[in-house]
Amino acid sequence: MLQDFWNSGLYEGNHGFVWQYGESLLKLLAPKAGERILDLGCGTGQLTAKIAESGAFVQGIDSSLSMIAKARSNYPQLDFAVADARDFEVVAPLDAVFSNAVLHWVKEADAVINCVAKSLKPGGRFVAEFGGKGNVGAIVGAILSVLSEIGCESPASLNPWYFPSVGEYAGLLEKQGFEVRYAVLFDRPTLLEGGSAGMVNWIEMFAGGFFSGLSEEVRSQVIKQVEHRLRSTQYHDGTWIADYRRIRVVAVKNSY
Ligand code: BEZ
């Protein structure tokens, strides 16, 4: 089981853009009534509920107990379960697996793709979006330079994220029996909620892995330094902007 460091209340309150942007990914999924669909890494369930509106039978899974508890209380009529993206099984073959803004948390991409492949019918589709190569590059760069300056050895090894290129990820999919029908990497600068506190909130919510060995006091000084370095490029008219880059893929499980 992955470590459950999520605060589902804060996530829903301050980071709603995660599923709001994800709604355009639903167009690529194009769910149909009667289909069996898995929402892999469903978080608090907003996109699972959108998929269900199509009449598809959908289940949402997430490795975080806290996210699943919130999803169940948001949508008691829907099916949610705690499960690990690297090691899950389904009761009957699926028409589609959908995943938004999650797979950059799972470095074992081969294990995820293997589970997705095993859970799909031949001809079933995998529709996913997550952070791609260069994602939040300005933020990662500032964190690494501040950590180096305070004497942290090999801070890059603390990076909790997997941001592949299109070529790398398409290769992994093809190796496991998928045909890649669509794959794209694009910039999606993202306005952070919370005004002047937006960047600190984002770092505290998502980038804690970089600071795991630090005391509370040092951690908070480092985050302030990082914020200071990012101000000239990422703070405009009272709003922080994160330099997101997304990878989107649609892949179909081969029938042979
Ligand atoms: C993303 O959605 O790209 C992302 C979110 C949190 C941390 C890193 C990346």
Side-chain angles (χ1 to χ4, degrees), residues 1-2 19 21-43 47-48 50-52 54-64 68 79-135 160-186 188 245-256:
M1 188 64 59
L2 298 172
W19 68 83
Y21 277 114
E23 289 195 25
S24 71
L25 188 65
L26 288 174
K27 293 206 176 83
L28 277 183
L29 174 68
K32 292 178 215 50
E35 284 191 322
R36 290 176 45 78
I37 298 180
L38 182 75
D39 182 2
L40 174 57
C42 61
L47 294 178
T48 322
K50 290 273 175 200
I51 295 170
S54 70
F57 301 107
V58 62
Q59 183 187 45
I61 62 171
D62 202 289
S63 64
S64 161
I68 289 297
D79 180 11
F80 294 102
V82 176
D84 188 327
R86 301 163 300 182
D87 183 18
F88 67 89
E89 285 178 9
V90 293
V91 289
L94 303 170
D95 295 287
V97 174
F98 173 86
S99 183
N100 179 55
V102 167
L103 298 180
H104 46 253
W105 291 106
V106 192
K107 291 192 173 176
E108 300 93 332
D110 266 327
V112 176
I113 294 169
N114 183 254
C115 287
V116 173
K118 282 197 292 196
S119 68
L120 284 172
K121 296 175 182 170
R125 56 209 195 276
F126 179 33
V127 177
E129 173 173 329
F130 54 104
K133 195 169 175 64
N135 192 32
W161 302 314
Y162 169 66
F163 298 144
S165 68
V166 160
E168 177 184 342
Y169 203 70
L172 296 183
L173 288 165
E174 286 176 354
K175 212 173 61 185
Q176 297 211 48
F178 282 94
E179 182 177 83
V180 178
R181 298 276 176 92
Y182 175 81
V184 64
L185 178 71
F186 59 98
R188 199 204 60 203
R245 300 188 89 195
R246 322 305 293 166
I247 184 170
R248 265 188 184 186
V249 293
V250 178
V252 172
K253 179 174 164 172
N254 290 326
S255 308
Y256 46 85

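Just the heavy atoms: all of them, side chains too, but no hydrogens, waters or symmetry mates, feed the values below. Computed from a predicted model, the values in this text were never measured in an experiment.
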Enquirer: Which of these passes side chain to side chain contact (heavy atoms under 4.5 Å, CB included) with Leu120: Leu38, Val97, Val90?
Expert: Val97
Enquirer: Would you say that Lys107 contacts Arg86 through its side chain, given a criterion of any heavy-atom pair below 4.5 Å between the two side chains?
Expert: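 The answer is no; the side chains never approach within 4.5 Å.
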Enquirer: Does some side-chain heavy atom of Trp161 sit less than 4.5 Å from a side-chain heavy atom of Trp105?
Expert: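 With C-beta onward as the side chain, the pair touches.
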Enquirer: With respect to Leu172, which candidate in Ile113, Asn114, Val180 satisfies the side chain to side chain contact (heavy atoms under 4.5 Å, CB included) definition?
Expert: Ile113
Enquirer: Could you grab the distance from atom NZ of Lys133 to atom CD of Glu168, nearest 0.5 Å is fine?
Expert: 7.5 Å
Enquirer: Around atom CZ of Phe57, are there more than 12 heavy atoms of other residues, nucleotides or ligands at under 6.0 Å?
Expert: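 Atom CZ in Phe57 is not packed in, count stays at 12 or less.
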Enquirer: Taking the side chain as every heavy atom from C-beta outward, state whether Thr48 and Phe98 have any pair of such atoms under 4.5 Å apart.
Expert: no
Enquirer: Rounded to the nearest 0.5 Å, what separates atom CG in Asn135 from atom CZ in Phe163?
Expert: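 It is 4.0 Å, given to the nearest 0.5 Å.
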Enquirer: Would you compute the distance between atom CD1 of Ile51 and atom CG of Leu29 and round it to the nearest 0.5 angstrom?
Expert: 5.5 Å
Enquirer: Tell me if a side-chain donor or acceptor on Asn254 pairs with a main-chain N or O of Tyr256 at a distance below 3.5 Å.
Expert: no
Enquirer: Check whether any side-chain heavy atom of Asp110 sits under 4.5 Å from a side-chain heavy atom of Lys175, and report yes or no.
Expert: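 The answer is yes, as the side chains (C-beta and beyond) meet within the 4.5 Å cut-off.
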Enquirer: Would you check if Lys253 and Pro93 make a side-chain contact, meaning some heavy-atom pair closer than 4.5 Å?
Expert: no
Enquirer: Identify, with sequence neighbours excluded, every residue that meets side-chain contact (heavy atoms from CB on, under 4.5 Å) alongside Ala52.
Expert: Val58, Leu78
Enquirer: Can you say whether the rings of Tyr169 and Phe130 are parallel (under 30°), tilted (30 to 60°) or perpendicular (over 60°)?
Expert: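 Judged by the thresholds at 30° and 60°, the geometry between Tyr169 and Phe130 is perpendicular.
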Enquirer: May I ask you to test the Leu40-Val102 pair for a side-chain heavy-atom distance under 4.5 Å?
Expert: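 With C-beta onward as the side chain, the pair stays apart.
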Enquirer: Is there a side-chain contact between Val116 and Phe88 in this structure, where contact means two heavy atoms from C-beta onward sitting under 4.5 Å apart?
Expert: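 Sidechains of Phe88 and Val116: in contact.
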Enquirer: I'd like to check Cys42 versus Ile68 (side-chain heavy atoms, cut-off strictly below 4.5 Å). Are they in contact?
Expert: yes
Enquirer: Looking at OG of Ser255 and NZ of Lys121, how far apart are the two atoms once the value is rounded to the nearest 0.5 Å?
Expert: 12.0 Å
